[in-house]
Amino acid sequence: MSEKIVLIDGHSILNRAFYGVPNLSNSEGIHTNAVYGFLNILFKILEEEHPQYLTVAFDLNVPTFRHNRYAEYKGTRKPMPGELAEQVPLMKEVLKAMGVTIVTKEGYEADDILGTLAAKCETGGMEVTIVSGDRDLLQLATDHTMIRIPKTRFGQTTIEDYHAGDVVAKYQLLPYQIIELKALMGDASDNIPGIPGVGEKTATKILLEYQNIENAHEHVEDIRPNKAKNSLKEHYDMAKLSKELATICTDCPIDFDIESARMTNFYTPEAYEIFRRLDFKNLLTRFDEETAVSEKPLETEIIRNKDKLGKIIQSACDHGTVGISLIIQEKLWGIGISFGREEVYYAPVGDLLEEEYLKEKLDLLFSKCDIVSVLDLKEALKFTRAAKQKNVFDAQIAAYLINPLKAKYTYDDIAKEFAGEMLATVEDLFGKSKLPKLGTVSMDILAAYAGNMAYSVYCSRDPLEKMLKDLNMYELYTRIEIPLAFTLYDMEQAGMRVDAQSLKEYGDKLKLRIDELEQSIYQQAGEKFNINSPKQLGVVLFEKLQLPGGRKTKTGYSTAADILEKMAPSAPIVNDILEYRQMTKLKSTYADGLAGYIGADDRIHSTFNQTITATGRISSTEPNLQNIPIRMELGKMIRKVFIPKDGCLFIDADYSQIELRVLASLSADENLIEAYREEKDIHRMTASKVFHVPFGEVTPLQRRNAKAVNFGIVYGISSFGLSQDLNISRKEASQYIEDYFKNYPKIKEFLDEKVKTAKEDGYVTTKFGRRRPIPELKSSNFMQRSFGERVAMNAPIQGTAADIIKIAMIRVNERLKNEGYKSKLLLQVHDELLIEAPETEVKDVSALLKEEMTGAADLAVALEVDMHTGKDWYDAH
DNA sequence: TCGGTCACG
DNA sequence: ACGTACGTGACCGAC
């Protein structure tokens, strides 16, 4: 294998990056977008090529021999924008810090340096890669010299590659003829005039016939069309000058020692420092532990006695801001405390520090320190009663608000991204990405884990807060998310009472029917098989029984309900299968599944997750109480096992069409707003408009279809999706949509506007400032991009509704507590709240609940709430 | 661990 | 032409 060198056209790539990467600047206000883009391109190229040598060529800011002649001649050369000019020296500084060789030569352009080096290296037997944004360079392409032209759009970089053959393929011309081409057609961006009246088409035609301009000129009388002939005759000297301008020098007098270009480790302390200064947070991630931190690794001191712990806590309180980590697995194992890089401690529960004592000290920290930063406030609340909304900071929630798309918000990522700190990860410490059983872990490792986590939340707090403020989400954070964490904590503690006996009976009843169906299915199929296996089921239905209804999924036949339903008339077995599926779903997920979560207090304590969804909704796990059946009667019956405490009733309230109301308000569409003000039946109203029938004559089917259209609008309508949902043709669906938008023009404007701003900004926001980034909009893949567009339409609506109910939850919970009620908020299901209320409180609490839900936001239309009470959840909804 | 399926909003 | 509705979580079988 021959060795490889990458040669980079410095100004050209910097220029590309400048225009391709949106405005960026560091905290000092220095523009950094071009440097950032340059580095991204550089890293991408290097990852692909793994060269042994690397050099960047720059022009000097002195007249250069080729272009300057024309610049003098023409008197033009657009000045570089200041924002770009200031990044040129910065770029050189960065490269120097990374140990990258820069080559310049007085009197020569970067092009000429590149051409010369490329020729030298290729002669020396190397593979050469030249990276430039300038197509002029294509003249240098050979079988061993590849020209790579990167394009950066929306921060996404794609690269076109040209060996000699690729140039021929694309331009029909040999590389050297690129010079001839420019001589004829010119190049405005490079100040090459060319000759008038000749563009790429004509120039190519001429060159295919005459190879070069000299030969073409000799045969000028034969040249067609006449316009080209005359132009070449008249402007031949201009063509010759152009040719000279376009020709890149390949034998400039440059002293070049190949060894000086040998690749070395970029990740020097100097580079780390400069990246940090420029706020290149995610480039810092490229520094692994050894190289990154010439600083000492984090040292955690283990605190084993009360005396020492007391002193640490005193210092922490004096310092003001402190990061706390709680090590929890079943029980509390210890707490990490940090208030500086040199102040990192771990206090394990042990002989001298009893759990109760540690909790007291935790209370002390939470009550005495100015700010206590943690990774998961809701979890911390399980171990302290002293936390107050005003002095706690939750780094996980903050990181979630800044980017809600991440799967996890780990302490090491947060420290890396927001504070530029490289900390030991869970994997570094424990050897695997999941926490092992803590009983098997050495004290030193556990201490390091706790210490790193505590330091992470300590050091990332200020940058996170600043970023929340910069992104206009600080209010959202302090007024909604932090109070919500307290609310969710209360809800989790409260839990939902479940009648275990009834649940068991429900499961038994299902079992009987499942057995019947199983027998029936085996009989009809003529064999026993696992009905729950889509693969086996597919084989039975589509191969053995030869039922119609082809493939759908990557792995084989689709046996999804909507497919089977269509087959039902022709095959009774599928009805049994569908029913079997329903029954087994109810049994495994709900009857049996829920039973495993009933605690000694007869209650199920779900976990409410605040940092999961992309839109700002909460989610519920272990178990999921947000997807308890309701649509089918048999499934809905399971709600009878959810019962309130003795002497209590459930109060269940749900918003009526909150998302459509949000849409009406955000879009300010007069027709929809008016319809809501008149308390019209919205789906009927839509049906009347879309299907052109009088309001009073809308059929139930039409109303149902209109309802689907309304849903579609909220989801970011597509004719295909709607047609799928309604089982109609795509054409009909398009017609519905068109008619819908005709009647609600502002809604169309609103949705279009969301897509437009999302494309410009890269994100959308809710009424309360919550952001959802939409990277899919930058995708070159049609499907991904379309998805991004639908998300841009949906997220502001779903997210605003999520914000609203969060506000309602906080206020309801606060009032229940402040006004001395025994009633408790138990559950939220996106547009629904469930309260357990002593019978004596039902009336007042119902009024309170309605008041806070309807008053949670000020929209252009009223928020309406449907409310019911009942002796179980089935009854109450 | 992943994909298919299906429960909810 | 591309092949889809938006947002979740649990369970199952197959790998």
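All heavy atoms count here, side chains included; hydrogens, waters and symmetry mates do not. Convention: sequence-line order gives letters A, B, ...; per-chain numbering from 1. It should be emphasised that the depicted structure is a prediction, and the values quoted were computed from it without experimental measurement.
Across all strands, A/S620 comes closer than 4.0 Å only to sugar-phosphate atoms, never to a base (heavy-atom distances). Using a 4.0 Å heavy-atom criterion, one finds that A/A708 contacts the bases of the nucleic acid, with or without backbone contacts as well. A/S718 comes within 4.0 angstrom of a nucleotide base, judged by non-hydrogen atoms across all strands.
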**OP:** Spell out protein contact along nucleotides 4-9 of chain B as letters: B when the base is contacted, S when just the sugar-phosphate is, - when no protein heavy atom is under 4.0 Å; keep the 5' to 3' order.
**Re:** SSBBBB
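With respect to A/R770 and A/D803, a salt bridge is recorded, a charged nitrogen being found less than 4.0 Å from a carboxylate O.
Here C/dA1 presents its C1' atom at 12 Å from CZ of A/R785, a figure rounded to the nearest Å. The distance between atom CD1 of A/I713 and atom C1' of C/dA5, rounded to the nearest whole Å, is 11 Å. Spacing between atom CD of A/Q536 and atom P of C/dC15 amounts to 10 Å, rounded to whole angstrom units. Atom CD of A/E789 and atom C1' of C/dC2 are 13 Å apart (whole Å). The OH atom of A/Y740 sits 15 Å away from the C1' atom of C/dA5 (whole-angstrom rounding). Between A/F720 atom CZ and C/dA1 atom P the separation is 14 Å, expressed in whole Å. Across the protein-nucleic acid pair, A/Q724 atom CD and C/dA5 atom P stand 7 Å apart, rounded to whole Å. With rounding to whole Å, A/L660 atom CG is found 17 Å from C/dC6 atom P.
Base pairing annotation: C/dA10 forms a Watson-Crick or G-U wobble pair with B/dT5, both donor-acceptor distances under 3.5 Å.
Counting heavy atoms from C-beta on, the side chains of A/E518 and A/Y580 come closer than 4.5 Å.
Side chain A/S619 to base C/dT8: no donor-acceptor pair is found below 3.5 Å.
With both ends at atom P, the span from B/dG4 to C/dG3 equals 15 Å, rounded to whole Å.
Ring geometry for A/Y409 against A/Y400 counts as perpendicular: the plane angle is over 60°, on a 0 to 90° scale with 30° as the lower cut.
The aromatic ring centres of A/Y736 and A/F691 sit less than 6.0 Å apart. Separation of the A/Y740 and A/Y744 ring centroids falls under the 6.0 Å cut-off.
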